[in-house]
Amino acid sequence: MHPRAHSPKTPITATTKMLDRALSSRRVTSHLADSDTDASADDSKTKKQNLSLLASNYLSRLSHFCFCPTASLFLCLLLAIVLITSLAFHSRSFVCVSDHGSRVGFFGLDGLDSDFVSLGVPWCRSKHGKTVQWTSKDLLKGLEEFVPIYETRPIKNNMYGMGFDHSFGLWFIAKWLKPVLMIESGVFKGHSTWVLRQAMPDTPIISLSPRHPGKYLKKGPAYVAGNCTYFAGKDFVDFGNVDWKSVMKKHGITDISRVLIFFDDHQNELKRVKQALNAGFRHLVFEDNYDTGSGDHYSLRQICDQSYIRGGGHSCFRDSDEARVRSKRKLFWEKAVDIDELCGPNEAWWGVRGWMRDNFNHSNKPISYAEHFQNSRFIESTLDVYWELPPVAGPSLTHQTRYDPARATSPIVEDGHYGLFQRLGLGRLEASVFNGYTQMVYIEISERKS
């Protein structure tokens with residue numbers, strides 16, 4: 001469970017001239033990379049697609065490669081009809097393109113390869129420059145194995161819970177690390193418990209949840225695992241209040257560094273890192289690693305969004321190139337953040353408009369930039385590894401319309417690789433399962449040695 005040292009290269013993908021001029025300093029390397037109480041408080045999860053936004057997305061991008069003089073108007077109208085017809089049937093065969101040149105201009109700018117990371121992706125810095133042991137080939141092999149497993153899931157419509165991307169990420173990480181115990185904080189209907197069980201059939205699980213997942217069985221599908229200890233319902237104890245030394249002794253765990261913690265509880269992630277560190281845990285996964293300006297809790301992605309980090313920091317100047325690009329992308333992607341959502345009073349852009357959110361957005365406080373900066377320095381002092389799960393596939397393949405690719409790392413299956421998308425079995429899944437991506441992150445932490 002120990003990642004190897006690695007010094008990643010940082011290729012910069014070309015994009016539009018405007019983005020090259022205004023945003024090149026903020027690009028980063030492409031790293032290969034259920035909530036409990038009030039489920040409706042988080043609408044970033046798996047959700048049916050917005051057809052009108054999808055249409056706006058396609059037609060807006062059509063304008064990039066179909067500038068029509070009068071003589072070519074008929075051809076452009078014909079092309080628009082073809083696109084609209086394809087959209088109406090949601091046919092994946094429409095995006096069956098075989099090379100980069102074919103997909104240049106399909107989604108505007110210089111193609112989807114350059115669309116990813118074009119607004120910058122702040123990447124938390126680890127103490128010694130380590131990264132994960134797995135590679136892109138391992139992820140592809142894992143996808144091929146996981147798709148048929150996912151098709152057997154007991155909760156088919158996991159609205160407000162994890163979609164396919166994060167289900168795969170959790171399964172892959174657990175299967176790779178092979179922990180001796182798995183702890184999940186935030187259970188909802190039990191989908192994440194099921195995912196952990198598929199990864200490690202015989203490993204004990206501890207589940208913490210204000211509401212027992214069995215309660216959902218009265219209304220529909222849910223999952224309650226065997227070989228699982230539930231601190232749920234009337235027996236619920238918050239992660240930060242558990243006597244973990246006693247619990248580890250009861251479960252016969254002598255090496256706490258081989259325990260995996262999964263957080264999907266919508267709590268301040270800075271708080272959770274400190275609690276895990278105090279208990280001696282090292283391997284953590286956060287399901288909702290929200291981008292700056294979004295989400296219902298203070299996330300690692302927000303904490304590490306700093307001006308000194310490549311891909312981080314923002315300007316609240318409303319006539320800037322960033323502001324104009326963000327405004328345009330808001331038309332394409334439901335979860336894109338425009339400058340008004342990003343910036344609060346006194347040009348406070350960190351966290352969510354200068355606020356540190358917590359507990360499903362029920363407990364919040366304003367923070368100064370100085371405090372935000374110190375939070376990032378603390379996190380960096382504890383990090384041995386930081387790895388964000390990439391999207392499983394590009395949006396021309398999945399037809400997702402929610403997360404903004406400009407603030408995400410390059411996908412495992414890139415746009416245009418339609419044959420690979422189909423061979424992996426991804427084409428058999430409903431498009432809605434790909435709409436829940438929120439930068440799931442795996443970290444390894446340890447105390448800073450003085």
Where does the angle between the aromatic ring planes of Phe168 and Phe164 fall among parallel (under 30°), tilted (30 to 60°) and perpendicular (over 60°)? parallel

Check ring-ring contact (aromatic ring centres under 6.0 Å, His included) between Tyr403 and all other residues, then give those that pass, not counting sequence neighbours. Tyr437

Using the rule given for side chain to side chain contact (heavy atoms under 4.5 Å, CB included), can you reason through Thr292 versus Arg407, listing the C-alpha separation, both sets of side-chain angles and the distance that settles it, and then say yes or no? CA-CA 10 Å; Thr292 300; Arg407 291 285 287 178; 4.3 Å; yes

Any chance you could lay out the side-chain hydrogen bond (donor to acceptor under 3.5 Å, both in side chains) test for His297 and Asn268, step after step, and finish with the verdict? CA-CA 5 Å; His297 63 272; Asn268 182 336; over 6 Å; no

Give me each pair satisfying side chain to side chain donor-acceptor pair (under 3.5 Å) with a member in residues 239-249, each pair once, sequence neighbours excluded. none

One pair to check against side chain to side chain contact (heavy atoms under 4.5 Å, CB included): Phe281 and Leu277. What are the steps and the verdict? CA-CA 6 Å; Phe281 297 119; Leu277 198 62; over 6 Å; no

Is any side-chain heavy atom of Glu184 closer than 4.5 Å to a side-chain heavy atom of Leu208? no

I'd like to know if the side chain of Arg197 and the backbone of Met200 have a donor-acceptor N/O pair within less than 3.5 Å. yes

For Pro154, side chain to side chain contact (heavy atoms under 4.5 Å, CB included) partners two or more places apart: Trp194, Tyr223

In this structure, OG of Ser396 is separated from CD of Glu414 (nearest 0.5 Å) by 10.5 Å

Among side-chain atoms of His314 and Asp305, is any donor-acceptor pair under 3.5 angstrom? yes

So, Gln306 and His372: side-chain donor and acceptor under 3.5 Å apart, yes or no? yes

Find the distance between CG (Asn375) and CH2 (Trp350) and round it off to the nearest 0.5 Å. 12.5 Å

Residues forming a ring-ring contact (aromatic ring centres under 6.0 Å, His included) with Phe231, sequence neighbours excluded: none

Of all residues at least two apart in sequence or in a different chain, which pass the side-chain hydrogen bond (donor to acceptor under 3.5 Å, both in side chains) check with Lys215? none

Name of the residue among Lys330, Lys335, Arg353 meeting salt bridge (Lys or Arg N to Asp or Glu O under 4.0 Å) with Glu341: Lys330

Residues in ring-ring contact (aromatic ring centres under 6.0 Å, His included) with Phe286, at least two apart? Phe263

Could you check whether Arg301 pairs with Glu269 (Lys NZ or Arg NE/NH1/NH2 to Asp/Glu carboxylate O, under 4.0 Å)? no

Atom CG of Leu284 and atom OG of Ser185: how far apart are they, to the nearest 0.5 Å? 11.5 Å

Whether the side chain of Gln400 engages the backbone of Arg402 through a donor-acceptor N/O pair (distance < 3.5 Å, no angle test) should be reported. yes

With sequence neighbours excluded, give me every disulfide bond (SG atoms under 2.5 Å apart) pair touching residues 208-257. none

Exam field: side chain Asn435 to backbone Thr401, donor-acceptor pair closer than 3.5 Å: yes

Ser167 (side chain) donor-acceptor with Gly163 (main chain) under 3.5 angstrom: yes

Short question: side chain of Asn359, backbone of Ser363 - any donor-acceptor pair under 3.5 Å? no

Among side-chain atoms of Asp384 and Ser446, is any donor-acceptor pair under 3.5 angstrom? yes

Using ring centroids (six-membered ring only for Trp), state whether Trp387 and Trp134 fall under 6.0 Å. yes

With sequence neighbours excluded, what pairs up with Phe373 under the ring-ring contact (aromatic ring centres under 6.0 Å, His included) test? Tyr308

Residue pairs involving residues 270-279 (criterion side chain to side chain donor-acceptor pair (under 3.5 Å); sequence neighbours excluded): Asp238-Arg272, Asp265-Arg272, Gln267-Lys271, Lys271-Asp358, Arg272-Gln275

Min side-chain heavy-atom separation Asp165-Phe434 under 4.5 Å: yes

Please report the interatomic distance CG(Asn157) to OG(Ser432), rounded to the nearest 0.5 Å. 7.0 Å

Test item: side-chain donor near acceptor, Glu388 and Thr409, under 3.5 Å: no

Nearest heavy-atom contact between His212 and Gly214 is ND1-N, 2.9 Å

Excluding sequence neighbours, so at least two apart, what forms side chain to side chain contact (heavy atoms under 4.5 Å, CB included) with Asp202? none

Disulfide bond (SG atoms under 2.5 Å apart) pairs touching residues 254-341, sequence neighbours excluded, are Cys124-Cys304, Cys316-Cys343

For atom CG of Asn346, is the number of surrounding heavy atoms from other residues, nucleotides or ligands below 6.0 Å larger than 12? no

Do you know which two heavy atoms are closest between Tyr386 and Ile443, and how far apart they sit? CD1-CG2, 3.7 Å

Arg326 with Asp321: basic N within carboxylate O range, under 4.0 Å: no

Should Ser294 and Asp291 be marked as a side-chain hydrogen bond (donor to acceptor under 3.5 Å, both in side chains) after you check the CA-CA gap, both sets of side-chain angles, and the distance that decides it? CA-CA 6 Å; Ser294 66; Asp291 197 9; 5.8 Å; no

Counting distance only, does the side-chain N/O of Asp255 pair as donor-acceptor with the main-chain N or O of Ser257 below 3.5 Å? yes

With sequence neighbours left out, what residues match Asp404 under side chain to side chain contact (heavy atoms under 4.5 Å, CB included)? Leu119, Arg329, Trp333, Ala336, Ala406

Do NZ/NE/NH1/NH2 and the carboxylate oxygens of Lys127 and Glu380 come within less than 4.0 Å? no

Does the side chain of Leu270 come within less than 4.5 Å of Ile379's, by heavy atoms? yes

Determine whether a donor-acceptor pair (N or O, by modelled atom type, separation under 3.5 Å) exists between the side chain of His251 and the backbone of Val247. yes

